[in-house]
Every structure is written in structure tokens, then in C-alpha cells.
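In what follows, a single structure is set out as C-alpha cells and then discussed.
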Amino acid sequence: MARKASLSGFPEWLPAERLVEQHLLDVLRRTFELHGFSNIETRAVEPVGQLLQKGEIDKEVYGVGRLQAGEGEAISATDPNALALHFDLTVPFSRYVVENAGYLAFPFRRYQMQKVWRGERPQDGRFREFTQADIDIVGDGSLPFRYDVELALVMIEALTNLNIGDFTVRVNNRKLSEGFYLGLGLTDTAGVLRNIDKLEKIGAEKVKQLLMSEVGATEEQAEKALTLASIRTPDTSFVERVRELGVTHEVLDQGLAELAEVVGSAAQRSPGRIVADLAIARGLDYYTGTVYETMITGHEQLGSICSGGRYESLASKGSKTYPGVGLSIGVSRLVSRLLATETLVANRSVPTAVLVTLENDDSWNQAQDVATALRERGIPVEVAPSAEKFGKQIKFADRRGIPFVWFTSAEKCHEVKDIRSGEQVQADPATWMPPAEDLHPQILRPTTDSATA
């Protein structure tokens with residue numbers, strides 16, 4: 001089980017837990033690069049004005065200031081030029097694109113894995129400091145809609161490669177929802193979306209009351225908005241169900257066509273992984289079209305572990321825009337659940353595959369020669385800390401999960417022992433290799449009740 005961090009909201013993993021996190025990051029990295037995404041890293045801070053204009057999350061931003069600022073250097077938290085830690089990777093990426101557009105080849109495909117910070121209340125799967133893994137495709141002036149389909153397929157492949165169990169990508173289109181609300185006569189579409197986004201937290205009846213009190217909806221309008229949000233299909237049949245509601249608007253037509261393309265193509269290439277869910281809204285204001293959320297089957301209470309969508313003008317300078325579509329995996333949220341349920345575990349807590357023993361205190365240099373020969377061929381090795389009895393050195397290796405123990409005599413005769421099976425054989429430091437599955441720690445998916453709880 002994952003330990004509770006000493007400072008709430010700031011997780012720190014034990015070595016074996018960190019191996020699980022690194023495994024996830026490595027799998028994502030390989031998958032993203034196979035699809036041609038380039039890696040970037042952006043700075044940890046952005047001007048407050050840049051952050052707050054991109055979404056209604058001003059209460060979640062951590063400001064940054066020097067504890068001992070010099071005279072005239074103190075900056076007010078309300079100053080748009082004050083610095084704050086970024087709350088996601090999309091806003092910094094949009095700034096990065098604008099500043100480096102002359103050096104990038106469009107459509108620009110990037111992946112990014114970094115820490116982000118949000119000042120929200122820590123709870124299951126929600127942290128104040130956490131790691132995200134993002135992919136985005138950005139165009140210069142325009143971006144073909146086919147990339148909305150591609151992003152969904154890439155993320156389905158990435159999550160499948162993680163071997164975390166069943167999951168579902170739920171997808172909607174903001175144009176569909178906004179066009180429907182406009183067709184109903186509701187002009188505050190952003191307000192309707194914000195309240196619909198609360199459905200899973202507070203329920204339909206409370207959302208209905210909010211729609212009537214906050215956005216001026218009539219009871220009939222509120223009920224139709226909720227009826228739209230109740231539509232969920234694994235195929236394009238949602239189009240007919242929306243049409244049956246009798247609402248018309250040109251923006252609605254565009255949203256229906258776009259969502260049908262995403263769901264139809266993804267359902268064909270990855271059947272069973274994607275559903276059209278017309279309750280999905282996404283809270284950030286910069287999304288303009290397709291929006292995605294991903295749930296792990298059996299862990300829906302954790303919320304979405306992978307979200308994102310299409311944005312048209314998040315990255316812009318004057319009349320120049322760089323529309324994009326992106327998805328973000330909450331790596332820390334995912335890791336915390338995988339560790340708590342023991343869905344994935346490391347078979348050892350250290351990278352070391354071989355412990356070289358010490359016959360006596362004078363054999364340290366000889367042991368280092370063996371270790372160097374093994375390391376030159378990519379075998380992780382450490383030398384025993386002291387020349388205790390061999391039984392104690394073997395117990396030391398066992399406690400650390402090191403599978404092999406190496407013995408070298410004064411006559412430079414070498415033997416290696418698999419302490420799991422007890423098998424001991426002669427070995428040459430210049431040629432011996434452990435089995436491939438023992439060379440590095442393995443991440444396993446135990447077939448136990450705890451892994452499916």
C-alpha cells in the first residue's frame with residue numbers, strides 16, 4: 001500500500017513505488033515517440049496574468065515570491081506580472097508555441113512529462129503537486145479535424161500498453177452541447193456547461209435547480225439540457241437520439257458531425273474503448289470542440305485519469321492562432337490507485353541484479369574489478385558493504401530483492417548463486433549474463449483479489 005505523505009498533497013514514493021511510476025512514464029514515452037511526438041520541457045513558472053486568463057481556477061494557483069526580496073522587488077499577488085507555478089502543461093505549452101513558432105515545424109507534435117501544482121484540497125487521487133504526461137498536436141492557423149481522432153487512438157494505445165485493466169474513453173463535443181443550448185434559447189452556454197459538469201458530484205436535481213437559478217433556464221429548458229447529458233452510446237447512434245429531442249442549430253449540426261467522426265473511427269479501430277457521453281463538459285474554458293475523459297473500470301470514483309480536448313485560440317498572438325488538440329494523463333493520480341490496489345507491483349525495490357560478496361576486507365578491490373566487468377555489459381551491480389559471513393551477505397541481498405550473489409575466491413575462481421532457487425554455478429565476469437527478466441526490475445500485475453478490488 002502507498003504510504004500517506006507527511007505533507008498532505010505532496011506524494012513521495014518509496015523506491016519500489018517509484019519503479020512503478022517510472023515504468024508508466026517509460027511506457028508512455030515509448031508509445032508517444034512511436035507516433036512521432038517530440039519531447040519538450042517548459043519552465044515551472046508563468047506570469048499570473050498568463051495563467052488566469054486561460055480558465056477559472058485562480059484559487060488553485062500557487063504564487064511564487066522571494067522570502068528576502070530586495071528593496072523594490074516585492075510583487076503583489078494581484079500583479080499580472082507576478083510569477084506562479086503552472087497548474088497544467090497546456091497553458092505553458094501554448095506560450096511555448098507562440099514564442100518558438102519560427103523554429104517549429106507544423107503540425108507540431110509534442111509530449112511533455114512534468115510536475116504541476118494546484119492549491120486544491122488533497123483527497124483520493126488529488127494532490128497539490130503531481131506529475132502529468134501530455135500529448136498535443138498544434139497547427140499554424142488551422143488544424144485538420146482528423147487529429148482529434150488520432151489523439152483518441154494514441155491515448156487508447158498508450159493506456160492499453162500500461163496494462164492497468166479495462167478503461168473507457170468518454171468523448172463529447174463542446175459545439176454539440178453549446179449548439180443544443182443555443183437552440184433551446186439559452187445564451188449563457190458557458191454557465192450551462194459549468195453546471196452540467198457537476199452532474200456526477202451533485203446529481204441531476206441539484207443541477208436542474210442551478211440551471212434555473214444561475215443561468216435563467218425554464219424548467220423545460222433545464223430538463224432538456226439534462227436529457228441531452230443523459231445520452232451515452234458506444235457508437236454513432238447518439239446522433240439520432242439528439243435529433244429526436246427536436247432542437248436545431250447550425251453549431252449543433254457541426255458538433256454532431258465532428259463527434260460522430262471521432263466515435264465512429266475510434267470504435268472501428270479500438271472497439272469497446274470509446275463511448276459518446278454527452279454529459280462530458282470539462283471545466284476549463286479554453287476547450288472549443290472535442291473533449292475527452294477516461295475512466296478505469298471499477299475505479300470510476302477516482303474520476304478521470306486522462307482528459308483533454310480541442311482548443312482553437314489558446315495559443316495566439318494578435319490575429320495569428322495556433323489551434324490544437326491535446327490529452328493529459330494524471331500520472332500521480334493513476335500511480336496512487338495502482339499502488340493502493342496493488343494492480344502493478346515491482347518484483348524488487350532496487351535496480352541491482354548482482355551483489356558481489358567480500359571474502360575478507362582485503363578483497364574489496366577484487367570485488368570492484370568484478371563489478372566493473374559486469375557493469376560494462378549493462379548489468380546493475382553493487383558490492384557488499386562489509387566482509388561478514390557469507391550467510392549474512394546473502395541475507396542482505398535477499399532483503400534488498402537482489403536475485404544473484406557473486407563469490408570470488410583468492411584464486412579468482414568465480415561462482416554466482418541464484419538465491420531464489422539456490423542454484424550455484426561457475427561464472428566468468430567477462431561473459432556471464434543473468435536471464436533477461438532478471439536484468440532489471442520487472443513490473444508485475446499480480447493475479448490476486450487485491451489487484452481487482
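Every heavy atom of this structure was used, including side-chain atoms; hydrogens, water molecules and symmetry mates were not. The residues of the chain are indexed from 1 along the displayed sequence. Because the structure is a prediction, the values reported are computed rather than measured.
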message: Is there a side-chain contact between T288 and E178 in this structure, where contact means two heavy atoms from C-beta onward sitting under 4.5 Å apart?
response: no

query: Could you give the distance from CE (M113) to CG (D26), rounded to the nearest 0.5 Å?
result: 8.0 Å

query: When you look at E150 and H35, which way does the side chain to side chain donor-acceptor pair (under 3.5 Å) test go after all the steps?
result: CA-CA 10 Å; E150 181 180 348; H35 286 269; 4.9 Å; no

message: If you define the side chain from C-beta out and look only at heavy atoms, does anything of I196 sit under 4.5 Å from V207?
response: yes

query: Ion pair present between R118 and E129, side-chain N to carboxylate O less than 4.0 angstrom?
result: no

query: Just by distance, do the side chain of R348 and the backbone of V350 share a donor-acceptor pair under 3.5 Å?
result: yes

task: Please say whether the positively charged group of R310, taken as NZ for Lys or CZ for Arg, lies over the ring of Y287, i.e. under 6.0 angstrom from the six-membered ring centre and within 45 degrees of the axis.
output: no

- request: Using only heavy-atom distances, determine whether the side chains of D148 and T290 contain a donor-acceptor pair under 3.5 Å.
  value: yes

Heavy-atom side-chain contact between F407 and H414 under 4.5 Å: no

- prompt: Is the side chain of S94 donor-acceptor paired with the backbone N or O of V91 at a distance under 3.5 Å, no angle test?
  reply: yes

task: Without swapping roles, check the side chain of N100 against the backbone of Y103 for a donor-acceptor pair under 3.5 Å.
output: no

message: So does T42 get a backbone contact from the side chain of Q114, meaning a donor-acceptor N/O pair under 3.5 Å?
response: yes

message: Does the plane of the ring in Y62 sit parallel, tilted or perpendicular to the ring in F10? Use 30° and 60° as the thresholds.
response: tilted

statement: For P351 and P441, the nearest pair of non-hydrogen atoms, with its separation, is CA-CG, 3.7 Å

is_close_aromatic(F106, Y322), centroid dist under 6.0 Å: yes

query: Quick one: do the E312 and T321 side chains pair a donor with an acceptor below 3.5 Å?
result: no

message: Between R18 and E21 (salt bridge meaning N to carboxylate O under 4.0 Å), is one present in this structure?
response: yes

message: If only side-chain N and O atoms count, and only distance matters, is there a donor-acceptor pair under 3.5 Å linking E258 with N173?
response: yes

task: Working to the nearest 0.5 Å, report the span between CD1 of I305 and CG of L338.
output: 8.5 Å

task: Say whether, by atom type as modelled, one donor and one acceptor occur between the side chain of R375 and the main chain of V381 under 3.5 angstrom.
output: yes

- request: Please report the closest heavy-atom contact between S332 and T131, naming both atoms and the distance.
  value: OG-N, 2.8 Å

field: Check: S316/S313 side-chain N/O donor and acceptor closer than 3.5 Å
entry: no

- request: Scan residues 116-157 for pairs that pass ring pair (Phe, Tyr, Trp, His ring centres under 6.0 Å), counting only residues two or more places apart or in two chains.
  value: H86-W117

query: Side chains of P122 and R128: does their closest heavy-atom pair fall under 4.5 Å?
result: yes

- line: Between L439 and P380 the two heavy atoms that sit nearest each other are O-CD, 3.5 Å

message: Which residues pass the salt bridge (charged side-chain N to carboxylate O under 4.0 Å, His left out) test with R377, not counting sequence neighbours?
response: none

- request: Count the heavy atoms of every other residue, nucleotide or ligand shown that sit under 6.0 Å from NZ of K115, and state whether that count exceeds 12.
  value: yes

message: Less than 4.5 Å apart, side chain to side chain, heavy atoms only: is that true for E293 and C306?
response: no

message: Nearest 0.5 Å, please: how far is CD in E250 from CG in L182?
response: 9.5 Å

- prompt: Is F93 close to F108 at the side-chain level, that is, under 4.5 Å between some pair of heavy atoms?
  reply: yes

message: Tell me whether the count of non-hydrogen atoms from other residues, nucleotides or ligands lying under 6.0 Å of CD in Q426 goes above 12.
response: no

query: Could you go step by step and tell me if S304 and S307 meet the side chain to side chain donor-acceptor pair (under 3.5 Å) rule?
result: CA-CA 7 Å; S304 177; S307 308; 2.6 Å; yes

message: Any non-hydrogen side-chain atom of T408 less than 4.5 Å from a side-chain atom of D369?
response: no

L176 side, atom CG; L259 side, atom CG - distance, nearest 0.5 Å: 6.0 Å

query: Just wondering, do L159 and M155 contact through their side chains at under 4.5 Å, heavy atoms?
result: yes

query: Around atom CZ of R121, are there more than 12 heavy atoms of other residues, nucleotides or ligands at under 6.0 Å?
result: no

- prompt: Are there more than 12 heavy atoms of other residues, nucleotides or ligands under 6.0 Å from atom NZ of K198?
  reply: yes

statement: For I164 and R445, the nearest pair of non-hydrogen atoms, with its separation, is C-NH1, 3.3 Å

- line: d(L444 CG, L344 CG) to nearest 0.5 Å is 9.0 Å

- prompt: Any ion pair linking R95 and E46 (charged N to carboxylate O, less than 4.0 Å)?
  reply: yes

task: For the pair R243 and D253, find out whether any cationic side-chain nitrogen is under 4.0 Å from an anionic carboxylate oxygen.
output: yes

message: Take a 6.0 Å sphere around CZ of R269 and say whether it holds more than 12 heavy atoms from other residues, nucleotides or ligands.
response: no

task: Keeping the roles fixed (side chain from R109, backbone from D136), state whether a donor-acceptor pair exists under 3.5 Å.
output: no

field: Y111 six-ring face occupied by R29 cation (under 6.0 Å, within 45°)
entry: no

statement: dist L24:CG -> L162:CG (nearest 0.5 Å) comes out at 4.5 Å

- line: Minimal heavy-atom distance between L355 and Q393, with the atoms involved, is CD2-O, 3.5 Å

- prompt: What do you reckon, is CD of Q424 surrounded by more than 12 foreign heavy atoms closer than 6.0 Å?
  reply: yes

- prompt: Heavy-atom count around E423 CD within 6.0 Å, excluding the residue itself: above 12?
  reply: no

field: Test item: side-chain donor near acceptor, D88 and S328, under 3.5 Å
entry: no

message: I'd like to know if the side chain of E17 reaches the main chain of L14, judged simply by a donor and an acceptor atom lying under 3.5 Å from each other, with no hydrogens or angles considered.
response: yes

message: Surrounding CD of E200 (heavy atoms of other residues, nucleotides or ligands, distance under 6.0 Å), is the total greater than 12?
response: no

- request: Give a yes or no on whether the backbone of A281 and the side-chain of R174 come within a donor-acceptor separation of less than 3.5 Å.
  value: yes

